[in-house]
Amino acid sequence: MKKYLKFSFMAIAAVLAFASCKKDVRPLNLDLDPVNTLNTPTDGTDIKLQPATGASLVFKWNATKAADGDLVLYEIVFDKVGGNFSKPVYKTVSDGSGVQAQATITQKDMNKIASLAGIASSSSGQVKWAVIASKATNTKLSTTSRTLTIERPAGFAVLPAALYLTGTATEGGADVSKAIPLKKTSDGVFEVYTSLQAGSYQLTDKPDGTGTKYYVDANGVIQLGNSATTVSGAAKVYRLGFDMNVATTSSTEIQSIGLYMSAYNTEIGTLDYKGNGTWEAASIPVVFYQFSWGRDERYKYIVHTPAGLEYWGSEHADNVPPAGQPADYFYLLPVTNDQWSNTYKFDPSADNHNVKVDVYFKADGPYTQVVTTL
(Lines give C-alpha, C1' and ligand atoms only; values in the text may rest on other atoms or scores of the structure.)
Protein backbone atom coordinates (compact mmCIF):
# COMPACT_ATOMS: atom_id res chain seq x y z
CA MET A 1 0.00 0.00 0.00
CA LYS A 2 2.83 2.37 0.86
CA LYS A 3 4.48 1.58 -2.49
CA TYR A 4 1.22 2.35 -4.33
CA LEU A 5 0.75 5.68 -2.54
CA LYS A 6 4.36 6.62 -3.26
CA PHE A 7 3.86 5.92 -6.96
CA SER A 8 0.62 7.97 -7.03
CA PHE A 9 2.26 10.95 -5.39
CA MET A 10 5.11 10.77 -7.92
CA ALA A 11 2.68 10.64 -10.85
CA ILE A 12 0.72 13.63 -9.55
CA ALA A 13 3.95 15.58 -9.02
CA ALA A 14 5.04 14.85 -12.60
CA VAL A 15 1.71 16.06 -13.99
CA LEU A 16 1.89 19.25 -11.93
CA ALA A 17 5.49 19.85 -13.02
CA PHE A 18 4.53 19.38 -16.69
CA ALA A 19 1.60 21.74 -16.31
CA SER A 20 3.76 24.36 -14.65
CA CYS A 21 6.28 24.23 -17.58
CA LYS A 22 3.66 25.06 -20.21
CA LYS A 23 3.93 28.65 -21.51
CA ASP A 24 1.43 30.87 -23.16
CA VAL A 25 1.80 30.71 -26.95
CA ARG A 26 1.55 34.11 -28.65
CA PRO A 27 1.51 34.79 -32.39
CA LEU A 28 4.80 36.29 -33.65
CA ASN A 29 4.39 40.00 -34.36
CA LEU A 30 6.67 41.10 -37.20
CA ASP A 31 5.28 44.61 -37.57
CA LEU A 32 7.79 47.48 -37.55
CA ASP A 33 8.01 51.06 -38.72
CA PRO A 34 10.36 52.06 -41.55
CA VAL A 35 13.20 54.47 -40.94
CA ASN A 36 11.85 57.97 -41.59
CA THR A 37 14.89 60.19 -41.06
CA LEU A 38 18.39 60.00 -42.57
CA ASN A 39 20.84 62.28 -40.81
CA THR A 40 24.34 62.24 -42.32
CA PRO A 41 25.81 62.71 -44.85
CA THR A 42 23.42 65.46 -45.86
CA ASP A 43 21.67 65.32 -49.20
CA GLY A 44 23.92 66.33 -52.12
CA THR A 45 27.17 66.01 -50.17
CA ASP A 46 30.28 66.06 -52.40
CA ILE A 47 32.88 63.41 -51.57
CA LYS A 48 36.34 63.36 -53.13
CA LEU A 49 37.61 59.86 -52.48
CA GLN A 50 41.15 59.13 -51.33
CA PRO A 51 40.96 55.37 -50.66
CA ALA A 52 44.59 55.00 -49.55
CA THR A 53 44.54 57.72 -46.87
CA GLY A 54 41.02 59.10 -46.44
CA ALA A 55 38.89 58.54 -43.35
CA SER A 56 35.89 56.23 -43.46
CA LEU A 57 32.43 57.72 -43.98
CA VAL A 58 29.80 57.32 -41.26
CA PHE A 59 26.15 57.16 -42.37
CA LYS A 60 23.60 57.87 -39.62
CA TRP A 61 19.82 57.69 -39.33
CA ASN A 62 17.12 57.77 -36.65
CA ALA A 63 16.38 54.39 -35.13
CA THR A 64 12.96 52.86 -35.67
CA LYS A 65 11.02 50.34 -33.57
CA ALA A 66 9.15 47.09 -33.83
CA ALA A 67 5.53 46.83 -32.73
CA ASP A 68 6.39 44.40 -29.93
CA GLY A 69 9.49 46.32 -28.87
CA ASP A 70 11.89 43.62 -29.99
CA LEU A 71 15.22 44.19 -31.76
CA VAL A 72 15.30 45.81 -35.22
CA LEU A 73 18.20 45.17 -37.61
CA TYR A 74 19.45 47.57 -40.29
CA GLU A 75 21.14 47.43 -43.67
CA ILE A 76 22.39 50.40 -45.67
CA VAL A 77 21.79 50.13 -49.42
CA PHE A 78 23.24 52.03 -52.38
CA ASP A 79 21.83 52.36 -55.87
CA LYS A 80 22.19 54.31 -59.08
CA VAL A 81 20.29 57.59 -59.14
CA GLY A 82 17.56 56.10 -61.32
CA GLY A 83 17.20 52.92 -59.24
CA ASN A 84 14.54 52.09 -56.65
CA PHE A 85 16.70 49.89 -54.35
CA SER A 86 14.97 46.72 -55.53
CA LYS A 87 18.32 45.64 -56.98
CA PRO A 88 20.87 47.80 -55.14
CA VAL A 89 24.44 47.92 -56.41
CA TYR A 90 25.72 47.39 -52.85
CA LYS A 91 24.39 46.71 -49.39
CA THR A 92 25.85 45.88 -46.00
CA VAL A 93 24.66 45.55 -42.40
CA SER A 94 24.99 48.51 -40.07
CA ASP A 95 27.60 48.77 -37.31
CA GLY A 96 27.33 46.37 -34.40
CA SER A 97 26.39 43.47 -36.71
CA GLY A 98 23.26 45.30 -37.86
CA VAL A 99 22.06 46.65 -34.52
CA GLN A 100 23.27 50.26 -34.59
CA ALA A 101 21.54 53.08 -36.47
CA GLN A 102 24.71 53.93 -38.36
CA ALA A 103 27.07 52.31 -40.86
CA THR A 104 30.80 52.97 -41.25
CA ILE A 105 31.94 52.58 -44.87
CA THR A 106 35.62 52.72 -45.82
CA GLN A 107 36.68 54.92 -48.72
CA LYS A 108 37.91 51.76 -50.45
CA ASP A 109 34.36 50.37 -50.33
CA MET A 110 32.92 53.73 -51.36
CA ASN A 111 35.20 53.61 -54.41
CA LYS A 112 33.81 50.16 -55.20
CA ILE A 113 30.23 51.40 -54.73
CA ALA A 114 30.85 54.31 -57.10
CA SER A 115 32.31 51.95 -59.68
CA LEU A 116 29.31 49.61 -59.40
CA ALA A 117 27.04 52.62 -59.87
CA GLY A 118 28.76 53.35 -63.19
CA ILE A 119 31.13 56.14 -62.15
CA ALA A 120 34.42 55.75 -64.02
CA SER A 121 37.82 56.32 -62.41
CA SER A 122 39.11 59.90 -62.51
CA SER A 123 35.54 61.19 -62.87
CA SER A 124 32.54 62.06 -60.70
CA GLY A 125 28.89 61.03 -60.54
CA GLN A 126 26.01 60.42 -58.18
CA VAL A 127 24.80 57.53 -56.06
CA LYS A 128 21.93 57.40 -53.61
CA TRP A 129 21.51 55.59 -50.33
CA ALA A 130 18.71 54.41 -48.09
CA VAL A 131 18.22 52.10 -45.11
CA ILE A 132 16.34 48.81 -44.80
CA ALA A 133 14.94 47.95 -41.36
CA SER A 134 14.00 44.34 -40.71
CA LYS A 135 12.46 42.04 -38.14
CA ALA A 136 12.76 38.39 -39.07
CA THR A 137 11.38 38.12 -42.62
CA ASN A 138 9.68 41.50 -42.64
CA THR A 139 11.72 44.30 -44.23
CA LYS A 140 10.90 47.97 -44.68
CA LEU A 141 12.77 50.43 -46.93
CA SER A 142 13.23 53.87 -45.44
CA THR A 143 10.66 56.42 -46.54
CA THR A 144 13.40 58.70 -47.82
CA SER A 145 16.77 58.42 -49.57
CA ARG A 146 19.73 60.73 -50.07
CA THR A 147 22.10 61.47 -52.92
CA LEU A 148 25.88 61.76 -52.85
CA THR A 149 28.19 63.18 -55.52
CA ILE A 150 31.35 61.09 -55.58
CA GLU A 151 34.62 61.95 -57.29
CA ARG A 152 36.69 58.84 -57.90
CA PRO A 153 40.49 58.86 -58.11
CA ALA A 154 42.47 57.17 -60.85
CA GLY A 155 42.77 53.46 -60.22
CA PHE A 156 40.51 50.48 -59.90
CA ALA A 157 37.83 49.93 -57.30
CA VAL A 158 38.14 46.15 -57.59
CA LEU A 159 41.82 45.24 -57.36
CA PRO A 160 43.13 42.13 -59.09
CA ALA A 161 44.41 39.39 -56.81
CA ALA A 162 47.07 38.47 -59.37
CA LEU A 163 48.56 40.07 -62.48
CA TYR A 164 50.37 38.69 -65.53
CA LEU A 165 52.27 40.15 -68.48
CA THR A 166 51.56 38.77 -71.94
CA GLY A 167 52.15 39.75 -75.57
CA THR A 168 54.73 39.66 -78.33
CA ALA A 169 57.05 42.02 -76.42
CA THR A 170 57.30 39.66 -73.43
CA GLU A 171 59.43 36.64 -72.67
CA GLY A 172 56.33 34.42 -72.83
CA GLY A 173 55.20 35.72 -76.22
CA ALA A 174 51.60 36.03 -77.35
CA ASP A 175 50.56 32.68 -75.82
CA VAL A 176 48.63 33.81 -72.74
CA SER A 177 49.18 30.42 -71.07
CA LYS A 178 52.87 31.40 -70.91
CA ALA A 179 52.15 34.83 -69.43
CA ILE A 180 54.75 36.19 -67.00
CA PRO A 181 53.50 36.33 -63.37
CA LEU A 182 54.06 39.53 -61.41
CA LYS A 183 55.03 39.67 -57.74
CA LYS A 184 52.36 41.16 -55.48
CA THR A 185 54.18 43.46 -53.06
CA SER A 186 51.05 44.86 -51.36
CA ASP A 187 47.32 45.11 -52.01
CA GLY A 188 46.93 46.17 -55.65
CA VAL A 189 50.68 46.74 -56.16
CA PHE A 190 52.76 44.47 -58.42
CA GLU A 191 56.25 44.35 -59.89
CA VAL A 192 58.25 42.14 -62.24
CA TYR A 193 61.86 41.79 -63.32
CA THR A 194 61.78 40.82 -66.97
CA SER A 195 62.96 41.72 -70.46
CA LEU A 196 60.92 43.47 -73.14
CA GLN A 197 61.59 43.47 -76.85
CA ALA A 198 59.95 45.23 -79.79
CA GLY A 199 56.27 44.31 -79.87
CA SER A 200 53.31 44.88 -77.55
CA TYR A 201 52.04 43.69 -74.20
CA GLN A 202 48.93 43.59 -72.03
CA LEU A 203 48.23 42.90 -68.38
CA THR A 204 45.67 40.31 -67.32
CA ASP A 205 44.54 38.88 -64.00
CA LYS A 206 44.26 35.32 -65.38
CA PRO A 207 46.68 33.46 -67.69
CA ASP A 208 43.97 31.59 -69.55
CA GLY A 209 42.34 34.11 -71.88
CA THR A 210 39.30 34.70 -69.64
CA GLY A 211 40.85 37.34 -67.39
CA THR A 212 40.24 41.06 -67.12
CA LYS A 213 42.67 42.92 -69.39
CA TYR A 214 44.55 46.17 -68.82
CA TYR A 215 47.00 48.25 -70.81
CA VAL A 216 49.27 51.26 -70.20
CA ASP A 217 48.33 54.32 -72.25
CA ALA A 218 50.69 56.90 -73.77
CA ASN A 219 50.67 58.88 -70.50
CA GLY A 220 51.74 55.88 -68.43
CA VAL A 221 48.27 55.42 -66.91
CA ILE A 222 46.84 51.91 -66.54
CA GLN A 223 43.54 51.56 -68.36
CA LEU A 224 40.93 48.83 -68.48
CA GLY A 225 40.43 47.31 -71.94
CA ASN A 226 41.76 45.14 -74.75
CA SER A 227 44.25 47.63 -76.17
CA ALA A 228 47.97 46.90 -75.96
CA THR A 229 51.09 48.83 -75.03
CA THR A 230 53.69 49.14 -77.78
CA VAL A 231 57.40 48.56 -77.16
CA SER A 232 60.07 49.57 -79.67
CA GLY A 233 63.85 49.34 -79.90
CA ALA A 234 66.31 46.71 -78.74
CA ALA A 235 65.48 44.20 -76.02
CA LYS A 236 66.25 45.43 -72.50
CA VAL A 237 65.77 44.17 -68.96
CA TYR A 238 63.44 46.13 -66.67
CA ARG A 239 61.88 46.31 -63.26
CA LEU A 240 58.29 47.15 -64.06
CA GLY A 241 55.88 48.36 -61.39
CA PHE A 242 52.09 48.58 -61.55
CA ASP A 243 50.00 50.22 -58.82
CA MET A 244 46.37 49.40 -59.54
CA ASN A 245 45.20 51.55 -56.62
CA VAL A 246 46.11 54.73 -58.48
CA ALA A 247 46.61 53.32 -62.02
CA THR A 248 50.25 54.35 -62.21
CA THR A 249 53.31 52.56 -63.58
CA SER A 250 57.06 52.69 -63.16
CA SER A 251 59.87 51.36 -65.32
CA THR A 252 63.54 51.00 -64.37
CA GLU A 253 66.08 49.54 -66.76
CA ILE A 254 68.41 47.02 -65.13
CA GLN A 255 71.70 47.49 -66.96
CA SER A 256 73.70 44.93 -64.98
CA ILE A 257 74.19 43.32 -61.57
CA GLY A 258 77.61 43.22 -59.97
CA LEU A 259 79.01 41.07 -57.18
CA TYR A 260 80.50 43.56 -54.70
CA MET A 261 83.19 42.48 -52.23
CA SER A 262 83.35 44.80 -49.23
CA ALA A 263 87.03 44.54 -48.32
CA TYR A 264 88.08 45.52 -51.85
CA ASN A 265 85.30 48.12 -52.07
CA THR A 266 84.66 47.08 -55.67
CA GLU A 267 82.77 44.62 -57.87
CA ILE A 268 84.66 41.40 -58.54
CA GLY A 269 82.30 40.07 -61.21
CA THR A 270 79.19 40.74 -63.30
CA LEU A 271 76.05 38.63 -63.57
CA ASP A 272 74.26 38.18 -66.92
CA TYR A 273 70.51 38.11 -67.35
CA LYS A 274 69.25 34.62 -68.25
CA GLY A 275 65.49 35.29 -68.44
CA ASN A 276 62.64 34.60 -66.03
CA GLY A 277 63.94 37.13 -63.49
CA THR A 278 67.26 35.29 -63.12
CA TRP A 279 70.84 36.60 -63.30
CA GLU A 280 73.87 34.32 -63.37
CA ALA A 281 77.67 34.43 -63.32
CA ALA A 282 79.05 31.04 -64.31
CA SER A 283 82.44 31.54 -62.68
CA ILE A 284 83.90 34.38 -60.61
CA PRO A 285 87.28 34.06 -58.85
CA VAL A 286 87.16 34.86 -55.13
CA VAL A 287 90.07 35.71 -52.89
CA PHE A 288 89.34 36.75 -49.31
CA TYR A 289 91.08 39.93 -48.22
CA GLN A 290 93.86 39.56 -45.69
CA PHE A 291 93.59 41.85 -42.65
CA SER A 292 95.80 41.67 -39.57
CA TRP A 293 92.99 39.95 -37.70
CA GLY A 294 92.14 37.46 -40.47
CA ARG A 295 90.67 37.05 -43.95
CA ASP A 296 87.51 38.99 -44.86
CA GLU A 297 84.73 37.28 -46.86
CA ARG A 298 81.88 39.84 -46.92
CA TYR A 299 79.89 40.61 -50.09
CA LYS A 300 76.62 42.01 -51.43
CA TYR A 301 75.28 43.14 -54.83
CA ILE A 302 75.09 46.33 -56.87
CA VAL A 303 72.25 46.80 -59.37
CA HIS A 304 73.15 49.27 -62.12
CA THR A 305 70.32 51.48 -63.45
CA PRO A 306 70.27 54.69 -65.53
CA ALA A 307 69.25 56.53 -62.35
CA GLY A 308 72.25 55.26 -60.39
CA LEU A 309 73.40 52.34 -58.25
CA GLU A 310 71.16 50.25 -56.01
CA TYR A 311 72.71 48.13 -53.28
CA TRP A 312 71.05 44.81 -52.44
CA GLY A 313 72.00 42.58 -49.54
CA SER A 314 71.00 41.02 -46.25
CA GLU A 315 68.35 42.23 -43.83
CA HIS A 316 70.96 41.83 -41.08
CA ALA A 317 73.47 44.64 -40.59
CA ASP A 318 76.05 42.07 -39.42
CA ASN A 319 76.08 38.48 -40.56
CA VAL A 320 77.56 35.10 -39.72
CA PRO A 321 78.97 32.49 -42.15
CA PRO A 322 76.27 30.83 -44.29
CA ALA A 323 76.64 27.19 -43.23
CA GLY A 324 73.48 25.91 -41.56
CA GLN A 325 71.60 29.19 -41.90
CA PRO A 326 67.85 29.29 -42.78
CA ALA A 327 66.58 30.34 -46.20
CA ASP A 328 65.98 33.95 -45.14
CA TYR A 329 69.73 34.40 -44.58
CA PHE A 330 70.06 34.52 -48.37
CA TYR A 331 67.10 36.81 -49.09
CA LEU A 332 67.83 39.96 -51.10
CA LEU A 333 66.57 43.36 -49.98
CA PRO A 334 67.45 46.97 -50.88
CA VAL A 335 70.17 48.05 -48.42
CA THR A 336 72.54 50.89 -47.63
CA ASN A 337 75.62 51.62 -49.73
CA ASP A 338 77.77 51.36 -46.59
CA GLN A 339 80.88 49.36 -47.41
CA TRP A 340 80.44 46.86 -44.59
CA SER A 341 76.78 46.80 -43.59
CA ASN A 342 74.10 44.31 -44.71
CA THR A 343 76.58 41.96 -46.31
CA TYR A 344 76.60 38.19 -46.62
CA LYS A 345 79.66 36.00 -46.00
CA PHE A 346 81.12 33.54 -48.47
CA ASP A 347 81.50 29.98 -47.31
CA PRO A 348 85.17 29.39 -46.27
CA SER A 349 85.51 26.94 -49.17
CA ALA A 350 85.20 29.85 -51.64
CA ASP A 351 88.57 31.37 -50.66
CA ASN A 352 90.99 31.15 -53.60
CA HIS A 353 88.37 29.35 -55.70
CA ASN A 354 85.84 30.27 -58.35
CA VAL A 355 82.16 30.52 -57.50
CA LYS A 356 78.94 30.29 -59.48
CA VAL A 357 76.49 33.05 -58.52
CA ASP A 358 72.73 33.08 -59.15
CA VAL A 359 70.36 35.92 -58.28
CA TYR A 360 66.59 35.40 -58.43
CA PHE A 361 64.13 38.29 -58.72
CA LYS A 362 61.13 36.02 -59.29
CA ALA A 363 57.45 36.34 -58.50
CA ASP A 364 56.97 33.00 -56.77
CA GLY A 365 58.88 33.80 -53.59
CA PRO A 366 61.27 36.14 -51.82
CA TYR A 367 64.09 37.60 -53.88
CA THR A 368 67.18 35.55 -53.11
CA GLN A 369 70.71 34.55 -54.15
CA VAL A 370 72.83 31.40 -54.27
CA VAL A 371 76.65 31.16 -54.30
CA THR A 372 78.18 27.78 -55.15
CA THR A 373 81.90 27.02 -54.81
CA LEU A 374 83.26 25.36 -57.97
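Taking the side chain as every heavy atom from C-beta outward, Gln197 and Val231 never approach each other to under 4.5 Å. Side-chain contact between Phe242 and Leu182 is present, with at least one heavy-atom pair separated by less than 4.5 Å. Under the 4.5 Å side-chain criterion, counting only non-hydrogen atoms from C-beta, Val35 is not in contact with Asn62. Residues Arg146 and Phe59 have side chains not in contact (no heavy-atom distance under 4.5 Å, counting atoms from C-beta outward). For the pair Val287 and Arg295, the minimum side-chain heavy-atom distance is below 4.5 Å. By the 4.5 Å heavy-atom criterion applied to side chains, Met244 and Leu163 are counted as neighbours. Using a 4.5 Å heavy-atom cutoff, the side chains of Leu374 and Ser283 are in contact. Annotation: side chain of Val176 is not in contact with side chain of Lys206 (no heavy-atom distance under 4.5 Å).
Cluster membership for Ile254 and Leu259, using ILVMFWY side-chain heavy atoms within less than 4.5 angstrom, is shared. Linking Ile, Leu, Val, Met, Phe, Trp and Tyr residues whenever their side-chain heavy atoms come within less than 4.5 Å places Ile105 and Val127 in a single cluster. Linking ILVMFWY residues whenever their side-chain heavy atoms come closer than 4.5 Å, directly or via other members, places Phe330 and Leu332 in the same cluster. In the hydrophobic cluster analysis, where Ile, Leu, Val, Met, Phe, Trp and Tyr join through side-chain heavy atoms closer than 4.5 angstrom, Ile180 is grouped together with Leu196. By the rule that hydrophobic residues join a cluster once side-chain heavy atoms approach within less than 4.5 Å of another member, Val189 and Leu240 end up as members of separate clusters.
Checked by atom type, the side-chain pair Gln100/Ser94 shows no donor-acceptor distance below 3.5 Å. For the residue pair Thr64/Asp33, the side-chain donor-acceptor check at 3.5 Å is not satisfied. Under the 3.5 Å distance criterion, with hydrogens and angles disregarded, a donor-acceptor pair is assigned to the side chains of Thr143 and Asn36. Side-chain contact check for Asp31 and Asn138: no donor-acceptor pair (N or O, by modelled atom type) lies under 3.5 Å. Between the side chains of Thr194 and Glu171, at least one donor N or O sits under 3.5 Å from an acceptor N or O. Residues Ser86 and Asn84 bring a donor and an acceptor atom of their side chains to less than 3.5 Å of each other. With no hydrogens or angles considered, a side-chain donor-acceptor pair links Thr373 and Ser349 at under 3.5 Å. Residues Tyr260 and Asn265 bring a donor and an acceptor atom of their side chains to less than 3.5 Å of each other. The closest side-chain donor-acceptor pair between Asp217 and Asn219, if any, does not fall under 3.5 angstrom.
With Gln339 contributing its side chain and Ser262 its backbone, the two residues share a donor-acceptor pair below 3.5 Å. Although no hydrogens or angles enter the test, the distance criterion places no donor-acceptor pair under 3.5 Å between the side chain of Tyr360 and the main chain of Ala363. In this structure a side-chain-to-backbone donor-acceptor pair under 3.5 Å is missing from Thr166 to Ala179. Remark: side-chain polar atoms of Glu297 are not paired, donor with acceptor, to backbone N or O of Lys345 under 3.5 angstrom. Between the Asn342 side chain and the Gly313 main chain, no donor and acceptor come within less than 3.5 Å of each other. The main-chain N or O of Val246 is never found under 3.5 Å from a side-chain atom of Thr248 such that the two would form a donor-acceptor pair. Looking at Gln369, its side chain never comes within 3.5 Å of a backbone N or O of Val357 through a donor-acceptor pair. Formation of a donor-acceptor pair under 3.5 Å by the Gln107 side chain with backbone atoms of Leu57 is not found in this model. Although no hydrogens or angles enter the test, the distance criterion places a donor-acceptor pair under 3.5 Å between the side chain of Arg152 and the main chain of Ile119.
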Inset, instruction - I would like to know whether Ser145 and Phe85 meet side-chain contact (heavy atoms from CB on, under 4.5 Å); could you show each step before the answer? - result: CA-CA 10 Å; Ser145 64; Phe85 299 104; 3.8 Å; yes
Legend entry - Residues Trp129, Leu38; criterion side-chain contact (heavy atoms from CB on, under 4.5 Å); working and verdict: CA-CA 9 Å; Trp129 65 281; Leu38 306 180; 3.8 Å; yes
Inset, instruction - Take Tyr214 and Phe156, measure what ring-ring contact (aromatic ring centres under 6.0 Å, His included) needs, and give me the verdict at the end. - result: CA-CA 11 Å; Tyr214 310 87; Phe156 301 92; 5.1 Å; yes
Inset, instruction - Take Thr210 and Asp208 through the test side chain to side chain donor-acceptor pair (under 3.5 Å) and record every step on the way to the result. - result: CA-CA 6 Å; Thr210 66; Asp208 59 7; 2.7 Å; yes
Inset, instruction - Could you go through the side-chain contact (heavy atoms from CB on, under 4.5 Å) check for Met110 and Leu148 one step at a time? - result: CA-CA 11 Å; Met110 287 303 304; Leu148 302 174; 4.2 Å; yes
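Taken from OH in Tyr74 to NZ in Lys140, the straight-line distance is 12.5 Å, to the nearest 0.5 Å. A distance of 12.5 Å separates CG of Leu203 from OH of Tyr164, quoted to the nearest 0.5 Å. Expressed to the nearest 0.5 Å, how far NZ of Lys60 lies from OG1 of Thr37 amounts to 15.0 Å. Rounded to the nearest 0.5 Å, atoms CH2 (Trp279) and CD1 (Ile257) are 4.5 Å apart. The OH atom of Tyr331 sits 12.0 Å away from the OG atom of Ser314 when rounded to the nearest 0.5 Å. In this structure, CE on Met261 lies 11.0 Å from OH on Tyr289, to the nearest 0.5 angstrom.
Taking a cutoff of 4.0 Å between a charged side-chain nitrogen and a carboxylate oxygen, Asp296 and Arg298 qualify as a salt bridge.
Contact record, Gly269 with Ile284: CA-CD1, 3.8 Å, taken as the closest heavy-atom pair. Nearest heavy-atom pair across Ala66 and Lys135 is CB-CD, 3.5 Å. Taking both residues in full, the closest heavy atoms of Pro51 and Pro153 are given as CD-CG, 3.6 Å, listed atom of the first, atom of the second, then distance. A pairwise comparison of heavy atoms in Leu73 and Leu71 identifies CD2-CD2, 4.0 Å as the closest pair. Of all heavy-atom pairs spanning Val355 and Ala350, the tightest one is CG1-CB, 3.7 Å. Contact record, Tyr238 with Ser251: CD2-OG, 3.4 Å, taken as the closest heavy-atom pair.
Taking the ring centroids of Phe361 and Trp312, they lie under the 6.0 Å cut-off. A distance below 6.0 Å separates the ring centres of Tyr367 and Tyr193.
The only member of Asn337, Thr343, Asp338 that meets side-chain hydrogen bond (donor to acceptor under 3.5 Å, both in side chains) when paired with Ser341 is Asp338.
Environment of NZ in Lys128: crowded, with over 12 heavy atoms of neighbouring residues, nucleotides or ligands closer than 6.0 Å. Taking a 6.0 Å sphere around NZ of Lys184, one finds it holds more than 12 heavy atoms contributed by other residues, nucleotides or ligands. Under a cut-off of 6.0 angstrom, the local environment of NZ in Lys356 is crowded, with over 12 non-hydrogen atoms contributed by other residues, nucleotides or ligands. Counted within 6.0 Å of NZ on Lys80, heavy atoms from surrounding residues, nucleotides or ligands total 12 or fewer; the atom is thus considered open.
Ring orientation note: the planes of Tyr299 and Tyr301 are nearly perpendicular, at an angle over 60° on the 30°/60° scale.
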